[in-house]
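In what follows, a structure is listed as structure tokens, so that the remarks can point back to it.
Bear in mind that the values here come from a model prediction, so they are computed numbers and not experimental data. Chain letters run A, B, ... following the sequence lines, proteins first, then strands; residues in each count from 1.
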Amino acid sequence: MLSIKELRASIEGKEILKGINLDIKPGEVHAIMGPNGSGKSTLASVLAGREEYEVTGGSVLFDGKDLLDLAAEERAAEGIFLAFQYPVEIPGVTTINFLKTAVNEIRKYRGENPLDAAQFLKMVREKAKLVSMNDSLLKRALNEGFSGGEKKRNEIFQMAVLEPKLAILDETDSGLDIDALRIVAEGVNSLRSPDRSAIVVTHYQRLLDYIVPDYVHVLYKGRIVKSGTKELAFELEEKGYDWIKAEVEAVG
Amino acid sequence: MTTETIDLKTKLVADFYAREAVMNGEASSAFHQKKRAALARFDQLGFPTPKNEEWKYSNVRELISESYHFNAESSLGLADLQDLNIPEQVANILYFINGHYNEELSSIVSSSDQIIIDSLQSAYKKNPSLVNTYFDELVKDDTDAFTSLNTAFAHDGVFIHIPDNQTVEHPVILRFVSDARTQNVGSQPRNIIAVGKNAHVKLAEAFRTLGTERSFTNAVTEIHMDRDSGVEYYKVQNESEKAYHIGTTQVRMLDNSHFYAGTVTLNGHFTRNNLNIIIDGERCEAHMYGLYFPDGTQHVDNHTVADHCKPNSQSNELYKGILRDRAKGVFNGKIFVRPDAQKTNAFQSCKNIVLSTEATMNTKPQLEIYADDVKCSHGTTTGQIDEEALFYMRSRGISKPEAMSLLMFAFCADVVSQIKIDSIREYLENVIADKLASK
């Protein structure tokens, strides 16, 4: 589904990703862990099409298409979804209106007819229920005055509505207490299916107690320096990142 | 000063005296004496140049470089108005075509014990002393040449009187249409709104143009608010690419009165709005909202004054603009807090999005505070579209142009939502959405 080869990216002339290789098959959940500043969020941003980053080398194929050729909105329409670490507050645009626009823009891209108001509302109510999203939040301006937990839940709710093939969760656990974390994780899990994949970017292992990954990768200084299964996450939780850093320094 | 400047001014002054010469007895009336004094003021002031601090960024040279046929007769009828997509609403609707009241197109639905609505001409014929009680009283000390010019030439407009304790259920919508299909036209509507004690009304002025010749509107509205009264006042300008509009709305508020103003400039070549509120009472609330979208080479200038003369009142102001292409915007907001006006709360904010490097916005908050126990604040921002918000929307599949228009629409929402006459708010929402989507 997703094939990243030797991906390099920089921002303001500073290289952050220094040759990432990663293959993700349908249905798989990959966790990307690593210390602060290792490039985790950059990877998520580059995949979603954030324009501040300059891709300086490598390739990314998504379902056979050259992802790097597509604008952010085209990537979304192709089935990529980024759950933001810091969801943006947009005063004056209600969540429901925002999502209706998004859904119908994506349908237009795919050559489908727009959903009418009734179809859309029915779908949205079902999805809101799925992720325990309070209906009253839908009528409010997007993320405006939402608590940290509400914002993250709104991300997962949007993901449920847009049904992406590849969801990228960028530190979705940051700033969440354990109850909020569980609710968000349940939402993500309810969307798991054999043809949907996810990249879970996180600093801590605790999210992975709830969203159990198939693979865990450690990103350090812009490269994936170690890959394993969920046991690797436990090891990182127990021993921290220093031993990985030491291993890398010894080799490199 | 250019020779054209002298031409238009000289012509107007000569016109005034030529008309006066054939007025018979009416020339000696108190009403006419006010006009005469105003003409003298205009003659002395002359059209403003950018040397005048109040006109520093708005040059009227182009406006006065041609002549206009004032109060031109027009054959405009119902069929012609259909092109203007005017929204329907159950309301008191008064049409003025090139400055003339058009009774056929107008309809008054409220009962006359609730509200007296008449054209200025007709009201004056019926009750000259009543009209004269209010006419010019709020603007006679105005040092703006255009206001004096309007007073001198005040020909028609609306006279509204709301008796004490009346709440007018249906809004009053004044529609000023310039018919510039065959020639340059000018009009100087003069509106007088006298709101009695504990009386309430919603009022809108809508300005439109037909045709591609120049139009020049020089409008003045005086709003007298007695104590405990409430007025919601909206001014909507959707004029042509060759429309020049200069307008002054002068309000005087007495104790416990509430005034809401919404000024929306959708289109027009050159627009200058003065909104001056004298808060001459305690526990008053004055709210001013404004919105403007100049593009091409359009010029929009909003000058506002909140003049706090008495204690314990508040004023609150929010103006927003989106500027494109080579458009120019000007905002000047004055807040005066007089020595007696302790415990005044006065807030002012002007926010702008500038979408082109060639567009300019000049903002100038001006606070003069002579009392010590007051809360005043002001802030202006001028920036671009929030890139982070734009990326957030695009990451959900919303194309860049669509995301831009949604964000801009959202930017306008807190002003548009203040407009409480449904047909006008819905009309604005549609026009604004179209305007934002078309680029």
- Does any heavy atom of chain B fall under 4.5 Å from the side chain of A:P87, the backbone, both, or neither of them? both
- Message: Given heavy-atom pairs under 4.5 angstrom as the criterion, report whether the side chain, backbone, both or neither of A:L82 touches chain B.
- Response: both
- Message: I'd like to know whether NZ of B:K334 has more than 12 heavy-atom contacts from other residues, nucleotides or ligands below 6.0 angstrom.
- Response: yes
- Item | Partners meeting ring-ring contact (aromatic ring centres under 6.0 Å, His included) with A:F157 (sequence neighbours left out) | none
- Could you check A:F84 against B:Y392 for ring pair (Phe, Tyr, Trp, His ring centres under 6.0 Å), going step by step and ending with a plain yes or no? CA-CA 8 Å; A:F84 279 53; B:Y392 188 67; 4.8 Å; yes
- Sort out for me which of A:T101, A:V93, A:L142 touches chain B most, counting heavy-atom pairs under 4.5 Å. A:T101
- Task: Verify the neighbour count for atom OH of A:Y86: are there more than 12 heavy atoms of other residues, nucleotides or ligands below 6.0 Å?
- Result: no
- Residues in residues 64-76 of chain A that sit under 4.5 Å from chain B, counting heavy atoms only: A:A71, A:A72, A:E73, A:A76
- Item | Least distance between heavy atoms, A:I156 atom then A:V188 atom | CD1-CG2, 3.7 Å
- Side chain from CB out, backbone as N, CA, C, O: work out which of these in A:Y109 comes under 4.5 Å of a heavy atom of chain B, or both, or neither. neither
- Between atom NZ of A:K151 and atom CD of A:Q85, what is the distance when rounded to the nearest 0.5 Å? 12.5 Å
- Check the pair A:E144 / A:R140 against salt bridge (charged side-chain N to carboxylate O under 4.0 Å, His left out), numbers first and verdict last. CA-CA 7 Å; A:E144 193 184 30; A:R140 281 173 49 188; over 6 Å; no
- Query: Is chain A contacted by the side chain of B:E402, its backbone, both, or neither, given a heavy-atom distance below 4.5 Å?
  - Reply: side chain
- Contact class of A:N97 relative to chain B, heavy atoms under 4.5 angstrom: side chain
- Task: Kindly indicate, with the supporting measurements, whether the criterion side-chain hydrogen bond (donor to acceptor under 3.5 Å, both in side chains) is fulfilled by A:N113 and A:K108.
- Result: CA-CA 7 Å; A:N113 289 327; A:K108 190 166 84 184; over 6 Å; no
- Which distance, rounded to the nearest 0.5 Å, do you find between the NZ of A:K25 and the CE of A:M1? 11.5 Å
